[in-house]
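First the structure, in the form of structure tokens, and then the observations on it.
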Amino acid sequence: MPSFRDLLQQAKARIREVDTSEAEAEIAAKPAVVLDVREPDEYEQGALPGAVHIPRGHLESQVESRITDKAAPVVVYCAGGTRSAFAADTLQQLGYTDVVSMAGGFNKWKNEGRDWSTPQTLSPEQRNRYHRHLLLPEVGEAGQQKLLDSKVLLLGAGGLGSPAALYLAAAGVGTIGIIDMDVVDDSNLQRQILHNVDRVGERKVDSAKKTLTLLNPDVDVVTYDVRLGADNVLDIIDGYDVIVDGTDNFPTRYLVNDAALLKRIPVVHGSIFRFEGQATVFDPYKGPCYRCMIPEPPPAELAPSCAEAGVLGVLPGIVGSIQAMEAIKLLLGLGDTLAGRLLAYDALETSFRVFKVPRDPDCPACGENAGEIVIAEYDELCMPHPSSQR
Ligand SMILES: [Zn+2]
């Protein structure tokens with residue numbers, strides 16, 4: 001029966017060990033993935049900057065979803081170099097081809113005065129609140145921290161904005177901006193679930209803030225009780241990571257499209273009509289933009305606004321929830337977003353269809369020969385296109 005010492009010796013014979021200075025050079029030169037396999041309480045007191053943290057006990061089950069490229073150089077460390085030797089051996093067995101274990105571990109690294117920092121960690125309350133997220137290796141503590149550091153701007157606190165805001169707040173998106181200049185009306189409550197009868201007559205942004213803060217006090221709700229226009233759109237969207245568009249008119253959609261392209265902020269688009277809903281993602285210069293998909297607006301008589309057309313109240317709940325999901329995927333870099341695809345939902349048929357939306361190489365806003373984007377007010381025809389105003 002081999003002893004612990006035998007096992008350690010055998011593991012070390014199969015792996016490559018580097019000392020702290022070699023590890024530092026390797027991290028800087030390659031750059032390598034830095035993997036911390038210590039326990040959470042050790043990690044919380046200090047770690048190498050940017051380290052991926054997977055406790056040794058969870059290594060086999062989590063590493064493939066956290067470090068997806070098995071050819072990537074990986075520097076593994078623990079406190080002293082023993083657990084990391086076993087971890088490096090395991091990684092090699094899992095098919096990782098460029099793994100080294102750092103001899104001496106974090107203790108030696110720190111004693112030598114090399115760079116380290118105290119990682120941001122969740123409070124016990126947050127760990128409890130987001131427990132079901134933390135169980136997903138694709139989210140985990142790092143992903144939750146990322147959501148808490150994220151900023152999402154919602155255009156409208158209405159039918160689409162309501163479910164999107166509720167789910168984004170519940171998920172712990174740290175900053176949620178809401179722009180809406182309306183007041184709560186009785187006729188909104190059939191679908192705009194952010195609001196309630198006590199709030200009739202109140203500013204929608206104030207009502208939204210109250211609801212979201214009660215749901216999750218972690219969230220900072222920033223309100224904009226203004227009309228979105230060419231004069232303020234760039235200032236308002238600045239600094240947001242994702243825009244969730246719940247507007248229902250063409251001039252605003254074109255305005256937001258052009259401003260978002262300029263600031264390179266992805267837009268999660270949603271729209272509803274009677275029993276049908278649509279959602280897609282416009283990821284600037286990576287996928288199509290709104291003008292690629294709809295080069296010009298339909299004539300006004302073919303595009304009745306929400307106020308004129310009926311809508312079944314559940315429908316925006318479904319589309320707005322899809323928008324929230326796409327926003328979170330964008331924030332966390334998860335899966336395949338709807339960029340380049342239009343999802344169409346027919347509530348009467350209960351069918352979801354997906355249509356490809358290609359990028360238009362001649363798009364006047366994001367195409368190869370598009371000119372400089374100029375933000376200007378658009379009339380109901382949304383013309384002229386921004387690039388023709390050079
Ligand atoms: Zn375009």
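Heavy atoms only: backbone and side chains are in, while hydrogens, waters and symmetry mates are out. First listed ligand is number 1; within each ligand, the first listed atom is number 1.
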Distance-only polar pair, side chains of R38 and S84, donor-acceptor under 3.5 Å: no
Qualifying residues under side chain to side chain donor-acceptor pair (under 3.5 Å), relative to K210, sequence neighbours excluded: E202
Residues forming a side chain to side chain donor-acceptor pair (under 3.5 Å) with D180, sequence neighbours excluded: none
Check: Y254 and I294 side chains under 4.5 Å, non-hydrogen atoms: yes
Sphere of radius 2.8 Å around the Zn ion (ligand 1) - protein N, O or S atoms inside: C289 SG, C292 SG, C363 SG, C366 SG
Shortest non-hydrogen separation from A344 to F355 and the atoms involved: CB-CE1, 3.8 Å
Other cluster members, Y130 - Ile/Leu/Val/Met/Phe/Trp/Tyr, side-chain contacts below 4.5 Å: L122, L134, L148
